[in-house]
Amino acid sequence: YQSTPFGPGHPLWPFLINDPRSDGRSDPRRWQFPVAWNLQLTNDLGKQVPFAVLREIADNADIVRRCVETVKAAITGMEWNISISDDAVSRVMGETGEGSVSASKKVRDQYTEDIARVKDFWQYPDRINGLSFQEWLSVLLEEVLVIDALSIFPNANPLNPELASLEILDGATIKPLLDTRGGRPQPPHPAFQQILWGFPRGEFEAAPNSDAEYTADQLVYAPRVRRSFTPYGFSPVERAIPLVDLYLKRLHWLRTEYTDGVPPDMVVKTDSTYGSNPNLLKGYERVFNDELAGNLEERRGAKFLPSGMEPIFNPSSDAKYNSDFDEWLVKSITGHFGVMPSQFGFVPKGGLGGAGHQDGEASTTESIGLRPLVEWLQTLLTQLSIGFLGMPRDLTFTLSNTEVEDVMQAAQRRQIELFSGQTTWNEIRTEMGQSVYTFPEADSPLLVLGGNITPLSAAFEAVTVDAVGQDNDQRDATVGEHEDAGAVEQETPDTEQERQEPTPEQKAELTSFLKWASVERDRPFIFKHLD
């Protein structure tokens with residue numbers, strides 16, 4: 001480094017700030033956190049926007065509240081269930097060689113009691129506060145969408161070793177603690193503190209992510225948006241703050257136009273000073289307005305102004321009230337929450353971006369908005385069930401949409417998969433939670449050929465037989481032509497075997513020829529190993 005002209009230079013020798021390892025080096029810090037982080041008596045240290053501000057925006061900005069409530073209504077209206085995981089079915093299929101239907105049934109029969117027990121708990125996940133699953137999920141989504149500081153406390157009944165409730169705490173009161181590397185302290189060290197009235201009032205360990213039994217004073221702190229330089233999340237409300245600020249200022253401007261606005265529709269320009277007497281000018285103004293105010297007949301008639309007076313009409317204010325900017329603001333804000341403006345009553349205009357575009361807009365919203373959030377929720381609820389309810393890992397928590405459009409789309413998807421040989425009747429009925437059929441055809445994939453429904457095995461056999469028959473017909477025709485010409489030679493067994501088993505060079509040349517023949521070529525293909 002030092003001997004190279006204009007080189008990068010030799011790096012400075014590092015000065016370790018963490019305890020060195022046995023090799024003399026130290027593990028890197030996760031991020032450059034503020035000094036004495038754990039000593040600061042605030043629960044949002046390092047956040048650009050305090051939790052209280054986020055709560056206020058969500059409560060006072062109508063567009064934000066409508067977005068939050070729309071997402072909550074969409075997800076809390078979904079059906080939930082404890083299902084068999086795909087990994088468990090695949091494992092049993094590999095171990096036993098059975099089909100997916102019988103493998104799924106075997107796993108379900110094995111965990112019937114566990115499924116019933118876990119479903120019974122999730123009916124009322126917070127029994128202490130009397131919250132049903134839909135109510136509990138609504139509180140959870142409020143925390144995720146507004147401050148992204150979801151905090152769940154597993155509250156055990158002192159008289160019963162089983163879990164009593166999964167209580168959702170106000171995440172704004174929870175302060176994540178840091179270890180020497182800027183990460184989450186591991187048990188038995190506390191990982192979180194609750195800051196109330198400016199002082200720590202309790203501390204908690206990080207809840208286990210495995211099948212280990214939970215203990216007292218544990219907490220699940222689960223921001224949805226994780227970033228390397230902060231232990232806090234990044235909620236949709238916080239992401240939309242610049243746009244929400246413009247939206248609120250726009251509303252304030254409209255409000256002042258109606259309350260404090262001063263420009264009249266018309267002013268009259270005059271070159272008279274009225275003897276520097278403003279009261280005289282005011283008198284002329286009052287006489288003119290009193291004559292026209294509320295008098296439609298007078299306002300429709302011609303009026304003559306004294307000499308030196310010229311009416312001036314203010315320009316139209318249509319441009320100031322153009323809705324294009326408002327529509328852009330609404331779309332930009334709702335995009336952070338993954339909802340459609342049409343859900344708020346903003347009807348699309350005609351044309352390419354009009355009402356015909358709603359189906360595509362809904363599909364995009366589903367893929368980038370609700371679906372990722374639902375998948376994250378399913379993973380979280382599955383982990384909670386495994387960690388605190390002892391649910392086997394072969395089971396999973398599922399959320400499914402029950403809207404009519406989604407049911408129709410699912411039915412169309414199943415129909416396409418069924419009649420294209422991708423699935424069977426019993427696999428579809430198992431997916432829908434219905435009893436399976438007992439006749440053999442229900443376990444066989446199907447194809448639609450020539451308007452007829454044919455089992456896949458029979459269709460494959462028919463195609464194979466037909467192909468072999470055509471090949472034999474062509475071979476017989478070729479042999480007949482050679483026999484007529486007297487040019488057919490008897491092949492020895494060795495020659496026949498060579499023709500059936502081409503050499504690697506012949507296989508490579510055949511592959512090259514197929515690529516050459518797939519498109520139009522100006523040059524001919526030169527065979528070296530094949531005739």
Side-chain angles (χ1 to χ4, degrees), residues 8-55 57 140 143-153 168-196 198-210 217-242 336 372-373 375-377 379-380 383-384 387:
H10 196 283
L12 295 175
W13 192 261
F15 183 83
L16 304 183
I17 56 178
N18 281 16
D19 295 335
R21 303 190 302 254
S22 59
D23 58 1
R25 297 177 179 271
S26 65
D27 294 328
R29 289 197 172 184
R30 296 187 68 246
W31 57 295
Q32 182 177 303
F33 53 84
V35 178
W37 172 286
N38 293 339
L39 299 179
Q40 303 299 319
L41 298 179
T42 177
N43 48 4
D44 52 7
L45 176 65
K47 280 190 64 66
Q48 294 183 347
V49 183
F51 288 128
V53 175
L54 297 177
R55 298 275 197 205
I57 291 174
L140 182 149
E143 294 293 301
V144 172
L145 297 173
V146 178
I147 63 174
D148 199 13
L150 177 62
S151 303
I152 302 177
F153 174 62
I168 299 177
L169 308 181
D170 180 5
T173 66
I174 302 301
K175 174 185 176 61
L177 302 179
L178 303 178
D179 60 13
T180 57
R181 296 184 53 243
R184 185 178 67 183
Q186 298 300 309
H189 303 290
F192 314 100
Q193 287 184 338
Q194 187 174 38
I195 309 296
L196 299 173
F199 200 81
R201 305 294 176 176
E203 59 184 19
F204 310 90
E205 295 179 8
N209 294 324
S210 62
D217 296 330
Q218 288 186 346
L219 186 73
V220 176
Y221 190 78
R224 185 191 174 202
V225 179
R226 302 273 190 171
R227 296 182 290 177
S228 63
F229 57 89
T230 176
Y232 297 111
F234 195 42
S235 68
V237 173
E238 189 169 359
R239 297 196 300 266
I241 282 180
H336 286 287
L373 179 56
E375 291 176 354
W376 178 82
L377 277 174
T379 302
L380 173 66
Q383 292 176 349
L384 292 175

Inset, instruction - Evaluate the side-chain proximity of D27 to N18: yes if any heavy-atom separation is below 4.5 Å, no if none is. - result: no
Legend entry - V35, I195, L45 screened by side chain to side chain contact (heavy atoms under 4.5 Å, CB included) with Q40, the one that passes: L45
Inset, instruction - Can you run down the side chain to side chain donor-acceptor pair (under 3.5 Å) pairs that involve residues 220-239, sequence neighbours left out, and say none if there aren't any? - result: K47-E238
Legend entry - Shortest non-hydrogen contact between P187 and E205, atoms and distance: CB-OE1, 3.6 Å
Legend entry - Closest heavy-atom pair and its distance - P231, P223: O-CG, 3.9 Å
Inset, instruction - State, with a plain yes or no, whether a side-chain heavy atom of V49 is found less than 4.5 Å away from one of V237. - result: no
Legend entry - Presence of salt bridge, D23 and R25, under 4.0 angstrom: no
Legend entry - L377 side chain near L140 side chain, heavy-atom distance below 4.5 Å: yes
Inset, instruction - Nearest 0.5 Å please: distance from the CG atom of L54 over to the CG atom of L145. - result: 12.0 Å
Inset, instruction - Not counting sequence neighbours, list each pair that qualifies as a side chain to side chain donor-acceptor pair (under 3.5 Å) and has a residue in residues 168-182. - result: R55-D170, T173-Q194
Inset, instruction - Kindly say whether G171 contributes a backbone atom to a donor-acceptor pair with the side chain of E143 at under 3.5 angstrom? - result: yes
Legend entry - Set of residues satisfying side chain to side chain contact (heavy atoms under 4.5 Å, CB included) with respect to L12, sequence neighbours excluded: none
Legend entry - Considering all heavy atoms, the nearest P185-A206 contact: O-CB, 4.4 Å
Legend entry - Inter-residue atom distance H189.NE2 - L177.CG, 0.5 Å rounding: 12.0 Å
Legend entry - Any residue meeting side chain to side chain contact (heavy atoms under 4.5 Å, CB included) with D19, in chain and number order, not counting sequence neighbours: none
Legend entry - Sidechain-backbone polar pair: D148 side chain, F234 backbone, donor-acceptor under 3.5 Å: yes
Legend entry - Q186 side chain to R184 backbone, donor-acceptor under 3.5 Å: yes
Legend entry - Listed partners of W37 passing ring-ring contact (aromatic ring centres under 6.0 Å, His included), at least two apart: W31
Inset, instruction - Sort and list the pairs that fulfil salt bridge (Lys or Arg N to Asp or Glu O under 4.0 Å) and have at least one residue in residues 36-46, not counting sequence neighbours. - result: none
Legend entry - Gap separating the CZ atom of F192 from the CG atom of L169, nearest 0.5 angstrom: 11.5 Å
